[in-house]
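Worksheet: one structure, shown below.
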Number of protein chains: 2
Amino acid sequence: MQTSDNSRHDGAGPDPLALDVRKSAILNAVVTEYIGSAQPVGSQHVMDAPGVSVSSATIRADMAALERDGYLAQPHTSAGRIPTDKGYRFFVDHLGGPGALDPVGRQQVRQFFDHAHGEIELMLEKTSGLLADLTDCTAMVVGPSHELATLRSVQLVGLGPRLALLVVVLADGAVQKQSIDLAEDVDEGRLADAARCLAAHSLGRALSQIDATLVTTGDPATDAVVSVGVDALRHLGSAEAGDQLFVGGSSHMAAAFDAVDTVRSVLTILEQQLVVVTLLRDVLDRGLSVAIGTEHGVEPLASCAIVVMPVSVDGEVTGTIGLLGPTRMNYPLALAAAQVVGNRLGQRLSESRR
Amino acid sequence: MQTSDNSRHDGAGPDPLALDVRKSAILNAVVTEYIGSAQPVGSQHVMDAPGVSVSSATIRADMAALERDGYLAQPHTSAGRIPTDKGYRFFVDHLGGPGALDPVGRQQVRQFFDHAHGEIELMLEKTSGLLADLTDCTAMVVGPSHELATLRSVQLVGLGPRLALLVVVLADGAVQKQSIDLAEDVDEGRLADAARCLAAHSLGRALSQIDATLVTTGDPATDAVVSVGVDALRHLGSAEAGDQLFVGGSSHMAAAFDAVDTVRSVLTILEQQLVVVTLLRDVLDRGLSVAIGTEHGVEPLASCAIVVMPVSVDGEVTGTIGLLGPTRMNYPLALAAAQVVGNRLGQRLSESRR
DNA sequence: GTTGGCACTCCATTCTACTGAGTGCTGACC
DNA sequence: GGTCAGCACTCAGTAGAATGGAGTGCCAAC
């Protein structure tokens with residue numbers, strides 16, 4: 001855990017390497033408390049926290065300093081403090097500890113993956129449900145792209161006079177299809193010929209490795225079919241066709257906010273698959289595992305935080321899992337859950353690939 | 001429109017055939033107004049409504065009667081009236097008129113289906129989005145069951161030493177898969193043999209027509225594979241594997257209620273595919289096209305209404321579309337939208353079947 | 001049967017006062 | 001110089017009282 005490398009992208013405070021130890025403890029206490037209670041935290045409460053053994057007056061002085069430096073904010077005078085995005089960021093980067101699933105959760109994960117079987121889509125969907133249950137967040141699972149999986153079967157099935165279906169089976173068990181419009185009527189025999197030719201051209205290779213070199217069978221009409229077939233294959237290999245998004249536990253967003261407007265705007269975002277997938281990829285590309293508040297660019301999610309975790313299949317990062325919650329989400333838990341589930345999912349997918 | 005046959009399942013009022021014409025007009029006005037404003041409607045406002053040309057005092061008397069008969073309710077004395085479930089029911093059955101999409105909406109539908117193409121799942125998903133947009137409700141689309149589509153292709157693809165994938169292509173373009181655990185190692189040749197045998201046994205029939213009769217190839221090891229293959233086919237044909245649910249516009253539920261708890265519980269229901277599918281089927285089976293409030297048995301949805309519409313493919317009812325909104329949803333619009341979209345979707349699917 | 005008039009109800013809003021959690025400051029202490 | 005107790009102050013939240021107004025039910029008259 002502890003993504004100790006990222007952050008430090010804003011040169012705001014005069015402190016490149018953080019807070020003195022007591023201020024850290026106080027910030028830690030405020031964040032932890034606020035995550036639990038969703039109520040502004042006063043100096044009185046912080047006194048009880050471990051690692052802080054000074055009077056409330058001293059704590060107040062430190063909290064004022066933390067506010068000056070942008071780690072804390074006050075909803076109004078005479079209220080307690082709540083963490084700012086910067087405060088959460090520091091918490092995630094330097095405090096908060098590794099975090100771990102409770103035994104029940106760990107048991108749940110183990111059980112899930114022991115019994116997980118069947119089609120990959122179903123498993124990914126259920127994984128999103130599992131993650132959501134574990135963390136009380138909304139979980140997003142982007143299926144591994146199949147660019148690297150090798151082709152195990154290529155088939156052309158005629159559906160209508162000029163309509164055929166290209167059906168591809170990949171080594172990881174994914175089945176993809178693409179309907180093909182044919183320029184002229186093609187009978188079953190010719191389709192079969194074309195399919196055989198396509199198979200010879202592509203079997204054992206990954207979808208992304210299919211090149212556009214001409215393949216000829218000697219028969220021009222069959223060649224035409226093969227040609228559109230190759231195009232279809234390459235289309236399947238392209239990114240746009242691949243990403244499947246599974247969202248689980250969106251109801252948790254309704255529990256996280258009490259402003260119904262916020263809920264609506266967050267749900268609206270979640271309905272836009274492309275936005276979500278892009279968002280996750282973006283955060284990952286920037287080397288972050290957590291994006292808090294406005295750190296990701298999506299305004300409607302300004303009061304949310306995102307935890308992302310890559311899913312590696314055979315050492316290659318292909319899938320992504322993400323957790324979406326309010327900025328006052330339980331980061332250590334979310335990170336732990338995402339990591340555990342991400343790892344196990346990756347293992348699982350690696351196994352079924354070979 | 002106008003499902004003038006259902007209802008009359010509770011013998012509450014002494015009126016088997018309803019309200020005198022003015023009371024109907026008043027009820028109509030109250031419902032219409034309340035759907036628009038979400039505010040209790042007073043006698044003063046009803047005066048302006050068409051078909052009602054009496055004084056507010058008379059209207060008050062009628063409204064009192066309507067309340068006595070259970071069509072209206074009063075949040076408190078000295079407030080206006082709001083419709084009860086029974087009031088909505090009467091509105092839907094006898095008032096409200098046919099309802100129609102506005103030109104913009106109709107244009108949207110036309111454009112959608114003119115440009116709809118590609119894989120069926122994608123189309124259904126987008127259809128749910130369309131419906132949600134048109135009606136400001138949450139749309140549910142249950143994909144047509146493939147029980148009736150005939151098999152066009154059956155294939156077995158080896159994925160691992162004892163793992164194979166059964167891939168089935170149906171005449172409607174659906175591709176289904178089912179992983180198969182084999183008792184012992186089976187080489188590609190034997191898989192191909194078994195697949196050929198399965199094909200001979202099942203091609204041209206519908207999934208639901210696959211019977212369990214023994215098929216023999218002469219080779220016991222191959223027969224074993226065929227046997228699990230037949231089981232897998234029959235499993236695909238069974239209801240449990242078939243229903244795909246697409247939910248669109250769940251964010252509209254957050255806009256419909258201002259109690260965040262309600263939103264959460266509704267979303268929780270929507271996450272349970274099985275519950276939703278069962279609910280829709282249930283309402284449809286009871287011959288209703290609208291289920292209001294507690295008419296369906298799902299308590300968390302007591303403040304919601306559901307509009308369902310069957311989707312007929314080649315005259316056979318196979319799919320379902322549903323709209324979920326608050327009980328004060330715009331029924332005429334929802335019914336119109338569901339009918340138009342349902343029809344066009346059915347047509348579309350029928351076309352691509354042959 | 002319908003209507004205008006009238007007394008009544010009660011939610012919603014506003015205002016006030018009050019409480020209490022929490023702060024910032026200051027002067028004393030170690 | 002950092003720490004701490006004490007104190008004055010602030011201000012959201014709550015409760016209670018007053019007000020306004022939308023709406024009702026009833027009744028006598030048409």
(request) Report yes if a donor N or O on one partner sits less than 3.5 Å from an acceptor N or O on the other, where the partners are the side chain of A:T58 and the base of D:dT3; otherwise report no. (result) no

Would the base of D:dT24 count as contacting B:S78 through its side chain, where contact means a donor and an acceptor less than 3.5 Å apart? no

Notebook entry, point to check: Any side-chain heavy-atom pair from B:I82 and B:P40 closer than 4.5 angstrom?
Noted result: yes

Evaluate the ring planes of A:F90 and A:Y71, with Trp represented by its six-membered ring, and classify them as parallel (under 30°), tilted (30 to 60°) or perpendicular (over 60°).
perpendicular

Separation of C:dG24 atom C1' from A:Q44 atom CD, nearest Å, is 15 Å

Does the side chain of A:R81 get closer than 4.0 angstrom to OP1 or OP2 of C:dG24 through an N or O atom? yes

From CD of B:Q74 across to C1' of C:dT9 the rounded distance in Å is 10 Å

Per salt bridge (Lys or Arg N to Asp or Glu O under 4.0 Å), A:E67 is matched among A:R81, A:K23, A:R60, A:K86 by A:R81

For the backbone of A:V290 and the side chain of A:R89, can you confirm whether one donor and one acceptor N or O come within less than 3.5 Å of each other?
yes

Comparing B:S56 with B:P75, nearest DNA chain C nucleotide closer to 5' gives the residue B:S56

Problem set entry | B:T77 side-chain N/O to D:dT24 phosphate OP1/OP2 under 4.0 Å | no

Rounded to whole Å, CG of A:D62 lies from P of D:dG2 at a distance of 11 Å

Here the distance between atom P of C:dT23 and atom NE2 of A:H76, to the nearest Å, is 10 Å

Check: Between the base of C:dG24 and the side chain of A:R68, is there a donor-acceptor distance below 3.5 Å?
Finding: no

Exam field: side chain B:T138 to backbone B:G249, donor-acceptor pair closer than 3.5 Å: yes

Here the distance between atom C1' of C:dG22 and atom CD of A:E33, to the nearest Å, is 14 Å

It should be established whether B:S43 places a side-chain nitrogen or oxygen under 4.0 Å from OP1 or OP2 of nucleotide D:dT24. yes

Taken to the nearest whole Å, CD/B:Q39 to C1'/D:dG21 is 14 Å

Taken to the nearest whole Å, CZ/A:R22 to P/D:dG2 is 9 Å

Against the side chain of B:V54, the closest entry in D:dT10, C:dT3, D:dT24 is C:dT3

Whole-Å distance, A:M47 CE to D:dC4 P, equals 9 Å

DNA chain C nearest-nucleotide lookup for B:S55 and A:A57: closer to the 5′ end is B:S55

